[in-house]
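For reference, the structure discussed in these notes is given below.
Values below: all heavy atoms of this structure, side chains included; hydrogens, waters and symmetry mates excluded. Proteins come first, then strands; the chains are lettered A, B, ... in the order of their sequence lines, and each starts at number 1. Just so it is clear, the structure is predicted and the values come from calculations on it, not from any experiment.
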Number of protein chains: 2
Amino acid sequence: MARREPLNREKVLDAALALADEEGLDGLSMRRLAKALGVEAMSLYNHVSNKADLLDGIAERVFAQVEPPDPELPWQEQVRSAALSMYRAFRRHPVVPMALVTDRSNPTSVRALSPLDALVGALYAGGFDDQGAWRALGAVNSLVFGSLLLSTGGFAADVREHAGATNVGAYVTQMNPAALPHFSRLLRWTQGGGVDPEADFRHALDALIKGLENQAS
Amino acid sequence: MARREPLNREKVLDAALALADEEGLDGLSMRRLAKALGVEAMSLYNHVSNKADLLDGIAERVFAQVEPPDPELPWQEQVRSAALSMYRAFRRHPVVPMALVTDRSNPTSVRALSPLDALVGALYAGGFDDQGAWRALGAVNSLVFGSLLLSTGGFAADVREHAGATNVGAYVTQMNPAALPHFSRLLRWTQGGGVDPEADFRHALDALIKGLENQAS
DNA sequence: GGCGTATGCTTACGCTGTAAGTAGAGGAGA
DNA sequence: TCTCCTCTACTTACAGCGTAAGCATACGCC
């Protein structure tokens, strides 16, 4: 009986991330993942304690791609680059933010959090006190994950194929223009193309950072 | 055989929302909902075409609680009050934003969107062009839903019981302080209590609106 | 009174995550 | 070399899910 190359956690997580990227979060089941690895479902439990653990694992893998900001830069630039790096890392794997929101298991690992630690450090260095840093961090994270989720999740899913449309404006496909005049003008504009989610996010981030400057005390 | 008071869509949605509030999104299954209504699961399909349709329905019900802003106010105030109203409506039903992100079905109804229409109108009136309004709307929505999701979802779920802790900072329960010095300082601060998610959100919203003013051209 | 239609129930299918038990291969110690 | 221990993977099984198909009942209208 031919001995198979043994599994390990890394291979499982790699395959899980690939499968999720390809088929969406719904397509990622233990059985399908096992099949993709040429293995039975229960074998995965030797390397992953749970499905939640599996999702944690792929989230951590994506977090690890986030680059910490250069501590020499002013705090505004550090916040901007850290936030953008998070945004880009998760944009490459659109289902992962949904996994983060959906699952509810272990505390996130130290490794995943280290870029955020640098970000908090930048805020402290920029003159924020504890509450200010807490709020600024929450605001930035909310904007990053909110942008990701609104441009990826159910909101926009039904029109994702339209011209790269994104965000909440996009999830209306037919409407009575008289009932929602401004909204339908906006929607018509988006259908002219030229919507770029990352550029939109950058704009929003710029605005937020500008506003945070006033609160830095 | 005693004739039962007949079901209707409204009753189904009411019960679904109540069940979801009470048991979380995972606790909301067709079978359990049916049992709560004293009915068999398949009977629900006479009033709801899908589980996704069910989730849409409860989301719409929450959207309907959002109050449109006073069109006499300056656009900044309109944005602020509309965003806050959305935040509060969804905060009362914490699982609904997750349902919105998770499901992927019909376009959202006109009724649900009318407060957003007013918001877009305020942006146009404030001097934003199409792209500016699009971006501002996306930024505000991202912040609202990001705040809701981070303070409710998997991120914070494992520590939700700690002192109302919220947002990304909260999902670390034990860590090596040396590895994440700034983060653990911040975390220690949050455990002193006094974290108020809505106040934090308001601060973030103020910052964002301040930043958007610069972009209003 | 009879009939069409709407409502709800029953059964069934294929899917899910995962608990429990079993088989076999690799390495360690005698 | 033989034996035993551990680790990996497989098999089976269970309870739950969403929902398709078919059947029974009760109401409103002719």
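- With dG18(D), dA9(D), dT12(D) as the candidates, the nucleotide lying closest to the side chain of Met42(A) is dT12(D).
- Nearest nucleotide to the Tyr45(A) side chain, out of dT7(C), dG17(C), dC17(D): dG17(C).
- Phe90(A) and Phe63(A) have their aromatic ring centers within a separation under 6.0 angstrom.
- Going from atom CG of Leu212(B) over to atom CG of Leu137(B) covers 10.5 Å, rounded to the nearest 0.5 Å.
- For the pair Glu40(B) CD and dA6(C) C1', the computed distance is 18 Å after rounding to whole Å.
- Under 4.0 Å is where a charged nitrogen must lie from a carboxylate oxygen, and between Arg9(A) and Asp53(A) at least one such pair does.
- One can place CG of Leu44(A) at 12 Å from C1' of dC10(D), the figure rounded to the nearest angstrom.
- Atoms NZ (Lys51(B)) and P (dT16(C)) sit 16 Å apart, rounded to a whole Å.
- One atom, CG of Leu37(B), and another, C1' of dT7(C), lie 14 Å apart when rounded to the nearest Å.
- Atom pair Asn46(A):CG and dT22(C):P shows a separation of 17 Å (rounding to whole Å applied).
- Looking at Arg31(B), its side chain has no donor and acceptor atom pair within 3.5 Å of the base of dG16(D).
- The side chain of Met30(A) sits closest to dG17(C) out of dT19(D), dG17(C), dT10(C).
- Relative to the side chain of Ser43(A), the nucleotides dA9(D), dG17(C), dT11(D) differ in distance, and dA9(D) lies closest.
- Atom NZ of Lys35(B) and atom C1' of dG8(C) are 17 Å apart (whole Å).
- The shortest distance between the side-chain N/O atoms of His47(A) and the OP1/OP2 oxygens of dA9(D) is below 4.0 Å.
- For the pair Glu23(A) CD and dT16(C) P, the computed distance is 11 Å after rounding to whole Å.
- Side-chain proximity of Ser29(B) to the nucleotides dG18(D), dG17(C), dG8(C) is greatest for dG18(D).
- Distances shown here put every side-chain N or O of Asn50(A) at or beyond 4.0 Å from the OP1 or OP2 atom of dG17(C).
- Looking at Asp206(B) and Arg80(B), a side-chain N of the basic residue comes within less than 4.0 Å of a carboxylate O on the acidic one, giving a salt bridge.
- The CG atom of Leu28(B) sits 16 Å away from the P atom of dG16(D) (whole-angstrom rounding).
- With Ser81(A) contributing its side chain and Pro69(A) its backbone, the two residues share no donor-acceptor pair below 3.5 Å.
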